[in-house]
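Here is how names work: the chains are called A, B, and so on, in the same order as the sequence lines, proteins then strands, and each is numbered from 1.
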Number of protein chains: 2
Amino acid sequence: MTEDQLISILRDSGYKVTPQRLAICNYVLSSKEHPTVEQIHSEILEKNPTISLNTIYQTMDMLIDLGLVQEMRFSGSSSRFDPNTSVHANIICQNCSKIRDFESEGIRELWSRIVMEMNVEPLGQRLDVYVLCDECRK
Amino acid sequence: MTEDQLISILRDSGYKVTPQRLAICNYVLSSKEHPTVEQIHSEILEKNPTISLNTIYQTMDMLIDLGLVQEMRFSGSSSRFDPNTSVHANIICQNCSKIRDFESEGIRELWSRIVMEMNVEPLGQRLDVYVLCDECRK
DNA sequence: TTTACAAATCGTAATGATTACTAACTAGTA
DNA sequence: TACTAGTTAGTAATCATTACGATTTGTAAA
């Protein structure tokens, strides 16, 4: 998504466009790390040294409201945010908590079949696979 | 699972068998409600009025360790525990947080496909579908 | 049965992520 | 340019969870 597109989405939904929001959105929406609030905060602090932790929380609430990120909570750690809202699987290492996204046509196909079987209108989904990653298996 | 089987599992894993543990396990393992620690606590309190919240937490850790329940964390609420450890989907209402389990051949197929395509050895899974349930849609 | 000891329990204190609050500030608009 | 509602920063409050320590209990060996 371009910055202009993002700005339109914010304005259309009644959110004001602020430098803080742009900085946070640019970082989070392009991140592959499924970052925590703390990680986002320390990243943004480098260029915007007075940004408040609270602003990160509020901006993440906004992104959730806009459907641009998904919040994922885990045992023993704080929330992480996934800007990939399409149907995909999260491969999560039980040891180091690293998350890798996995998408495929086969998964999307099977998933839409299952949703049909369930006879529901999904607002979202979360497909987690818990593993030990290559490094942690050693 | 019978109580005798449960007792064997505890003993075999080096856990002592206490009345508190039996009460908690009996309730949680037969529950369909995906209860929270608070719900478990108030349920057990009725017959065991001095049980500590801490004991609930510790017993849930034990059950997780034994692989008999799965912990599920959600935004804006405390952990919930699912005694169904087979491959299944959780249909979760975004509004009232009610959870309904869904099992089917299609789900098991999806799962084996994910495992094959990803080339991983899964230790567990969590398949969530977020919806508005019939009551909340009104 | 009795004893010994490690583990479990209870009650409470500490922790830490998240939320609430408020005064100062700012984007958007007339 | 001035107004207003929304936003920000900083801090305080909340609440689920974890840590701690004194007491109790289950288990196995004497």
Side-chain angles (χ1 to χ4, degrees), chain A residues 3-4 6-25 27-28 34-42 44-66 69-81 97, chain B residues 3-4 6-25 27-28 34-42 44-66 69-81 97:
Chain A
E3 191 153 293
D4 284 350
L6 175 64
I7 289 174
S8 296
I9 292 175
L10 297 191
R11 292 234 170 90
D12 289 353
S13 307
Y15 288 108
K16 289 185 178 170
V17 176
T18 67
Q20 291 93 331
R21 284 183 170 163
L22 288 180
I24 296 168
C25 293
Y27 171 62
V28 172
H34 305 72
T36 65
V37 164
E38 281 297 343
Q39 285 174 303
I40 300 166
H41 189 227
S42 66
I44 304 294
L45 268 181
E46 292 183 7
K47 298 203 168 172
N48 197 332
T50 67
I51 199 149
S52 158
L53 201 56
N54 199 4
T55 300
I56 314 287
Y57 276 106
Q58 291 178 202
T59 303
M60 297 319 294
D61 283 347
M62 178 190 77
L63 285 173
I64 292 166
D65 176 48
L66 294 173
V69 304
Q70 183 181 22
E71 182 177 3
M72 305 178 76
R73 287 213 173 167
F74 295 98
S75 310
S77 66
S78 37
S79 281
R80 300 176 63 172
F81 297 90
S97 302
Chain B
E3 190 153 294
D4 284 350
L6 176 63
I7 290 174
S8 297
I9 292 175
L10 297 191
R11 291 235 169 89
D12 290 353
S13 308
Y15 288 108
K16 291 185 177 169
V17 176
T18 67
Q20 292 93 332
R21 283 183 171 164
L22 289 180
I24 297 169
C25 292
Y27 171 62
V28 172
H34 304 72
T36 64
V37 164
E38 280 297 343
Q39 285 174 303
I40 300 166
H41 189 227
S42 65
I44 305 294
L45 268 182
E46 292 183 8
K47 299 204 167 172
N48 197 332
T50 67
I51 199 148
S52 158
L53 200 56
N54 200 0
T55 301
I56 314 288
Y57 276 104
Q58 289 175 207
T59 303
M60 297 319 294
D61 283 347
M62 178 191 77
L63 286 173
I64 292 166
D65 176 48
L66 294 172
V69 304
Q70 184 181 21
E71 182 178 4
M72 305 178 74
R73 288 213 171 167
F74 295 99
S75 311
S77 66
S78 38
S79 281
R80 299 176 64 173
F81 297 91
S97 302

Mind calculating the distance between CG (A/L22) and P (D/dT7) to the nearest angstrom? 13 Å
Counting N and O atoms only, with roles assigned by atom type, does the side chain of A/H34 sit under 3.5 Å from a partner on the main chain of A/M72, one being a donor and the other an acceptor? no
Distance test, side-chain N/O of A/R21 to OP1/OP2 of D/dG6, below 4.0 Å: no
Taking only residues two or more places apart in sequence or in another chain, which ones pass salt bridge (Lys or Arg N to Asp or Glu O under 4.0 Å) with A/R11? none
Quick one: CE on A/M60 to CD1 on A/I40, what's the gap to the nearest 0.5 Å? 4.0 Å
Using modelled atom types and a 3.5 Å cut-off, is there a donor and acceptor pairing between side-chain atoms of A/R21 and backbone atoms of A/T59? no
So if I take residues 50-60 of chain B and measure heavy-atom distances to DNA chain C, which residues fall below 4.0 Å? B/T50, B/I51, B/S52, B/N54, B/T55, B/Q58
Hey, which of these two, B/K16 or B/S78, hits DNA chain D nearer its 5' end, going by closest nucleotide? B/S78
How long is the line joining CD of A/Q20 and P of D/dG6, in whole Å? 17 Å
Separation of D/dT25 P from B/N48 CG (nearest whole Å): 12 Å
Between A/D12, A/L10, A/D61, which is the residue that forms a side-chain contact (heavy atoms from CB on, under 4.5 Å) with A/L66? A/L10
Separation of atom CG in A/D61 from atom P in D/dG6, rounded to whole Å: 16 Å
Using atom types as modelled and distance alone, determine if a side-chain donor or acceptor of A/S52 lies under 3.5 Å from a backbone N or O of A/N54. yes
Which part of the nucleic acid, if any, lies within reach of B/P19 when heavy atoms closer than 4.0 Å are counted: base, sugar-phosphate only, or nothing? sugar-phosphate
Give the rounded distance in Å between these two atoms: CG of A/D65 and P of D/dG6. 14 Å
Check whether any side-chain N or O of A/H41 sits under 3.5 Å from a backbone N or O of A/Y57 as a donor-acceptor pair, and report yes or no. no
With distance as the sole test, does A/Q39 use its side chain to make a donor-acceptor pair with the main-chain N or O of A/T36 at under 3.5 Å? yes
Need two values: the first and the last nucleotide of DNA chain C, 5' to 3', having an atom under 4.0 Å from any heavy-atom of chain A. C/dA17 to C/dG28
Distance-only polar pair, side chains of A/S79 and A/R73, donor-acceptor under 3.5 Å: yes
Whichever of B/S79 and B/Y15 has the more 5' nearest nucleotide on DNA chain D, that residue is B/S79
